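Since the structure is predicted, the reported quantities are computational estimates derived from the model, not experimental observations. Just so we're on the same page: letters track the sequence lines, and every chain starts at 1.
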Amino acid sequence: DGGITQSPKYLFRKEGQNVTLSCEQNLNHDAMYWYRQDPGQGLRLIYYSQIVNDFQKGDIAEGYSVSREKKESFPLTVTSAQKNPTAFYLCASSRQGSTGELFFGEGSRLTVL
Amino acid sequence: GEDVEQSLFLSVREGDSSVINCTYTDSSSTYLYWYKQEPGAGLQLLTYIFSNMDMKQDQRLTVLLNKKDKHLSLRIADTQTGDSAIYFCAGGDTDKLIFGTGTRLQVFP
């Protein structure tokens, strides 16, 4: 079945370490997104990409990096520069020219020890 | 930029109707959306409404849009325990949706 796969579902990291979250989609969608979710704050956009080899910063890009080398993949690296990385991270994709519906993965929960 | 606000909690009895409200600031959104998030999972689109519509009904769901007041609501008829979740409204450009804070709906017997 088509969908978005995020891994790992749970991740623990020591302070000062970088960590990469995987996001893969087989929906043939052009656009992909990374959101961060914190309790009581809704979803905040970290980075998005509308086409391969191109991406834009969202509202809270500091301390994060992404790449988009393949249409299907949009990994997110949480670097040691991110001051408060403990959160639930959601990857999404959408089809260009659609009503804008986002398809979400199941999320990755990152905890910094 | 767009700002989207929702109340944080709503508690209803099973079988009653639930109404979840949302206010937004950017009236240029082409579509406005309602998403549902179950515990520990991603979001799923429940329904959306085109900005030139006032109402959309889809089975137990009714969306009302008041463009003058920039107010969006989601009514769930005959609320069931399976409707317990967090509900997000969202608007903005299709390339950059802005989500509300989410309303946690709790349904009790």
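- Distance CZ/B/Phe99 to CG/A/Leu90: 9.0 Å, rounded to 0.5 Å.
- When the side chains of ILVMFWY residues are joined at heavy-atom separations under 4.5 Å, either directly or via intervening members, B/Val19 and B/Tyr33 end up in two distinct hydrophobic clusters.
- For the atom pair A/Glu101 CD and B/Thr47 OG1, the distance stands at 10.0 Å (nearest 0.5 Å).
- Contacts between A/Gln41 and chain B at a heavy-atom distance below 4.5 Å involve the backbone alone (N, CA, C, O).
- The two residues B/Leu97 and A/Tyr35 come nearest to each other via the heavy atoms O-OH, 3.6 Å.
- Residues B/Phe88 and A/Gln37 come closest through the heavy atom pair CZ-NE2, 3.4 Å.
- No more than 12 heavy atoms of other residues, nucleotides or ligands shown are found within 6.0 angstrom of OH on A/Tyr10.
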Task: Candidate pair B/Tyr35 and A/Leu43, rule side chain to side chain contact (heavy atoms under 4.5 Å, CB included), full reasoning - done: CA-CA 12 Å; B/Tyr35 283 83; A/Leu43 275 67; over 6 Å; no
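- If you chain together hydrophobic residues whose side chains sit under 4.5 Å apart, B/Ile86 and A/Tyr89 never meet in one group.
- Both B/Ile98 and B/Leu65 belong to a common hydrophobic cluster when Ile, Leu, Val, Met, Phe, Trp and Tyr are linked at side-chain heavy-atom distances under 4.5 angstrom.
- The choice from A/Gly107, A/Gly42, A/Gly105 that makes the most heavy-atom pairs within less than 4.5 Å of chain B is A/Gly42.
- Each of A/Phe103 and A/Tyr33 belongs to its own hydrophobic cluster when Ile, Leu, Val, Met, Phe, Trp and Tyr are linked at side-chain heavy-atom distances under 4.5 angstrom.
- No path of Ile, Leu, Val, Met, Phe, Trp and Tyr side chains, each step under 4.5 Å between heavy atoms, connects A/Ile51 with A/Tyr48, placing them in separate hydrophobic clusters.
- Residues of residues 54-85 of chain A lying under 4.5 angstrom from chain B, judged on non-hydrogen atoms, are A/Asp59 in numerical order.
- For CG of B/Leu8, the number of neighbouring non-hydrogen atoms (other residues, nucleotides, ligands) closer than 6.0 Å is greater than 12.
- Listed in order of number, the residues of residues 36-46 of chain B that approach chain A to under 4.5 Å between heavy atoms are B/Gln37, B/Gly40, B/Ala41, B/Gly42, B/Leu43, B/Leu45.
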